[in-house]
Amino acid sequence: TSTSTSTSTSTSTSPSSFQLSPEQLANYKRDGYVIIKGLLRGKELKDAIRTAKQLNRISLPQRLYNIFFSGYRKLSFQTWRKYKSMEYIVFDSAVPSIVAQLMGYGCANKDKDKVKDKDMDKELNKDEEEEEALQVKVPSEFKKESKSKSKSHPSIRLIKDAFLVYQDQGKGCGWHVDDKFFWPCEDSPLSKHKTDAGVNVWITLSPLKASEGGGLAIAPTSHSIHWREDARAVIAVPPQGGVPQTCAMEQLSPEYHEKFERMKRTFDMEPGDAIIHDRYVFHRTDQFKKEKRTFGFGFMKRSKLRISLRYMPSKATVFVFDAGVQDVGFVEKNMKTGDAVEKGGEYFPASLAYAVASDQGFAEKGMKTGDAVEKGGEYFPQVWPTSLKKEREVKVKEEEIRATWARLISFVKAKTNKKRIPA
């Protein structure tokens, strides 16, 4: 059940409330996903669809690029900064409240908050009694500070958002867990997996039928399966360097691909429905069962619109891709953080999407691997328990993928370049 109202002050805004059932919480913990029907509805859904159709208008260079390189018709980031409808979904809809509950942070009502605080007080009093028994002297100031910190609730931030359009004859992406480019955070060990390892909210803005394809396929329980990391290693950065082979599971390991195919679930969905899954659940584009043969640059093709929102605890730590160390191409081409991917020429011919490899926030905030997400401030804005007005309104450098004629020509040259890349 949900309540579509939100409260606000001059500096912060609370998201709409939404109460998950005990069954939904248990299913998420076991299977790694939950389906929320009608997460977006009414005016918020109509506004989102209107914005999505506007975003789906693309230039001729982009259409040409899609024919040769892209798995999607359109891929855009930070759309919430330009469009109020997308901003509403990220911050003010029920999404943050749902994510908080799935991470184990959100309480369905104030009574549960009181119970939680009482439990914390009991634990703190117990610790103090143990200290007295052991005759350990702890400064009273430290006790007060520890107590206040223990009672404070964690907060949640948006680590990355994406608007995607999948269409007939698109490549999409094979079985994968999002790589460090699209989920730039350090990993949580499988042996210590927790529900706050990260949450992906995938919302369709188009009707989907499992029998036709075009949606999202997931592999339930894959977030906790014992061979999870072995499967991830298959599509990681190759030994000789380069970028992760994130979408190439079927080509690199038919064995693991078949394992995931046996686990696969797809769903009938209506606009506004959501698949919310654990960061480590393997998923893939569910390609159309029957592709429509079309002409031209994509006119008359079916397009399926979707939003993907990735959330992390504020105290989670980021992973900053070290270009100079990780890949010979960065060294050979004298590349640095912020350079466009085409500068890498023959070393990076595969995907224009990696033009956003380095988040602007890392450079602007002087962040390094191991820093807390919250250090990124407005680049990784807080969404729960409240969003912060300053972070939502401040101007930042954007991470938009733009297919220009110059970039298109550069990629075509790179693709046809026969130069041998040194090992």
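For clarity, every value in this text was computed on a predicted model and none was experimentally measured. Count residues from 1 along the sequence.
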- Query: Within a reach of under 6.0 Å around NZ of K37, are more than 12 heavy atoms found that belong to other residues, nucleotides or ligands?
  - Reply: yes
To the nearest 0.5 Å, how far apart are [atom1] in [X] and [atom2] in [Y]?
{"X": "I276", "Y": "I218", "atom1": "CD1", "atom2": "CD1", "value": "11.5 Å"}
{"X": "S12", "Y": "K390", "atom1": "OG", "atom2": "NZ", "value": "14.0 Å"}
{"X": "L158", "Y": "F91", "atom1": "CG", "atom2": "CZ", "value": "6.0 Å"}
{"X": "K84", "Y": "D47", "atom1": "NZ", "atom2": "CG", "value": "12.5 Å"}
{"X": "Q245", "Y": "D179", "atom1": "CD", "atom2": "CG", "value": "10.0 Å"}
{"X": "L20", "Y": "I36", "atom1": "CG", "atom2": "CD1", "value": "5.5 Å"}

I want to check something: taking the side chain as every heavy atom from C-beta on, are [X] and [Y] in contact at a cut-off of under 4.5 Å?
{"X": "P15", "Y": "S97", "answer": "yes"}
{"X": "L205", "Y": "I307", "answer": "yes"}
{"X": "P313", "Y": "M103", "answer": "yes"}
{"X": "D273", "Y": "I203", "answer": "no"}
{"X": "N27", "Y": "V34", "answer": "no"}
{"X": "V281", "Y": "V177", "answer": "no"}
{"X": "N56", "Y": "S303", "answer": "yes"}
{"X": "P271", "Y": "L45", "answer": "yes"}

- Partners of E186 by side-chain hydrogen bond (donor to acceptor under 3.5 Å, both in side chains), sequence neighbours excluded? T317
- Note on the structure: Sorted by chain and number, sequence neighbours left out, side-chain hydrogen bond (donor to acceptor under 3.5 Å, both in side chains) with S253 holds for none
State whether the side chain of [X] and the backbone N or O of [Y] hold a donor-acceptor pair below 3.5 Å, judged by distance alone.
{"X": "S206", "Y": "L305", "value": "yes"}
{"X": "R306", "Y": "G215", "value": "yes"}
{"X": "Q24", "Y": "S21", "value": "yes"}
{"X": "E44", "Y": "I89", "value": "no"}

What pair of heavy atoms forms the shortest contact from [X] to [Y], and how long is it?
{"X": "A217", "Y": "T266", "result": "CB-CG2, 3.8 Å"}
{"X": "Q382", "Y": "P385", "result": "NE2-CD, 4.2 Å"}
{"X": "T285", "Y": "G172", "result": "OG1-CA, 3.4 Å"}
{"X": "L252", "Y": "V234", "result": "CD1-O, 3.4 Å"}
{"X": "Y280", "Y": "S188", "result": "OH-N, 2.8 Å"}
{"X": "S155", "Y": "S314", "result": "OG-OG, 2.6 Å"}

Do NZ/NE/NH1/NH2 and the carboxylate oxygens of [X] and [Y] come within less than 4.0 Å?
{"X": "R310", "Y": "D161", "value": "no"}
{"X": "K365", "Y": "E378", "value": "yes"}
{"X": "D168", "Y": "R302", "value": "yes"}
{"X": "R232", "Y": "D187", "value": "yes"}
{"X": "R392", "Y": "E87", "value": "yes"}

Tell me, please, whether [Y] has [X] positioned over its six-membered ring: NZ or CZ under 6.0 Å from the ring centre and within 45 degrees of its axis?
{"X": "R228", "Y": "F282", "value": "no"}
{"X": "K160", "Y": "F77", "value": "yes"}
{"X": "K180", "Y": "F319", "value": "yes"}

Any side-chain donor-acceptor pair under 3.5 Å between [X] and [Y]?
{"X": "T386", "Y": "S14", "answer": "no"}
{"X": "T221", "Y": "D31", "answer": "no"}
{"X": "Q360", "Y": "Y379", "answer": "no"}

- Query: Listed by chain and number, what are the disulfide bond (SG atoms under 2.5 Å apart) partners of C185, not counting sequence neighbours?
  - Reply: none
- Residues L25, Q101; criterion side chain to side chain contact (heavy atoms under 4.5 Å, CB included); working and verdict: CA-CA 8 Å; L25 292 170; Q101 291 174 71; 4.3 Å; yes
- Item | Identified ring-ring contact (aromatic ring centres under 6.0 Å, His included) partner of Y33 from the options F267, W202, Y28 | F267
- Only one of K194, H193, K29 passes side chain to side chain donor-acceptor pair (under 3.5 Å) with D278, and that residue is H193
- Under the side chain to side chain contact (heavy atoms under 4.5 Å, CB included) rule, what do T369 and V318 come out as? Steps first, then yes or no, please. CA-CA 5 Å; T369 297; V318 300; 5.8 Å; no
- Task: Give the C-alpha distance, both sets of side-chain angles, the deciding distance and a yes or no for side chain to side chain donor-acceptor pair (under 3.5 Å) between S93 and S16.
- Result: CA-CA 5 Å; S93 72; S16 301; over 6 Å; no
- Query: Run the ring-ring contact (aromatic ring centres under 6.0 Å, His included) check on F380 and F362 step by step: do they pass?
  - Reply: CA-CA 10 Å; F380 307 117; F362 294 153; 5.7 Å; yes
- Full working for side chain to side chain contact (heavy atoms under 4.5 Å, CB included) between L55 and M86: CA-CA 11 Å; L55 284 165; M86 297 302 182; 4.2 Å; yes
- Where do W384 and Y311 land on the ring-ring contact (aromatic ring centres under 6.0 Å, His included) test, with the steps shown first? CA-CA 10 Å; W384 190 90; Y311 294 98; over 10 Å; no
- Message: What verdict does the side chain to side chain contact (heavy atoms under 4.5 Å, CB included) test give for R157 and E391, after you've listed the backbone C-alpha separation in whole Å, the side-chain angles of each residue and the deciding distance to 0.1 Å?
- Response: CA-CA 11 Å; R157 289 178 174 267; E391 290 184 346; 3.0 Å; yes
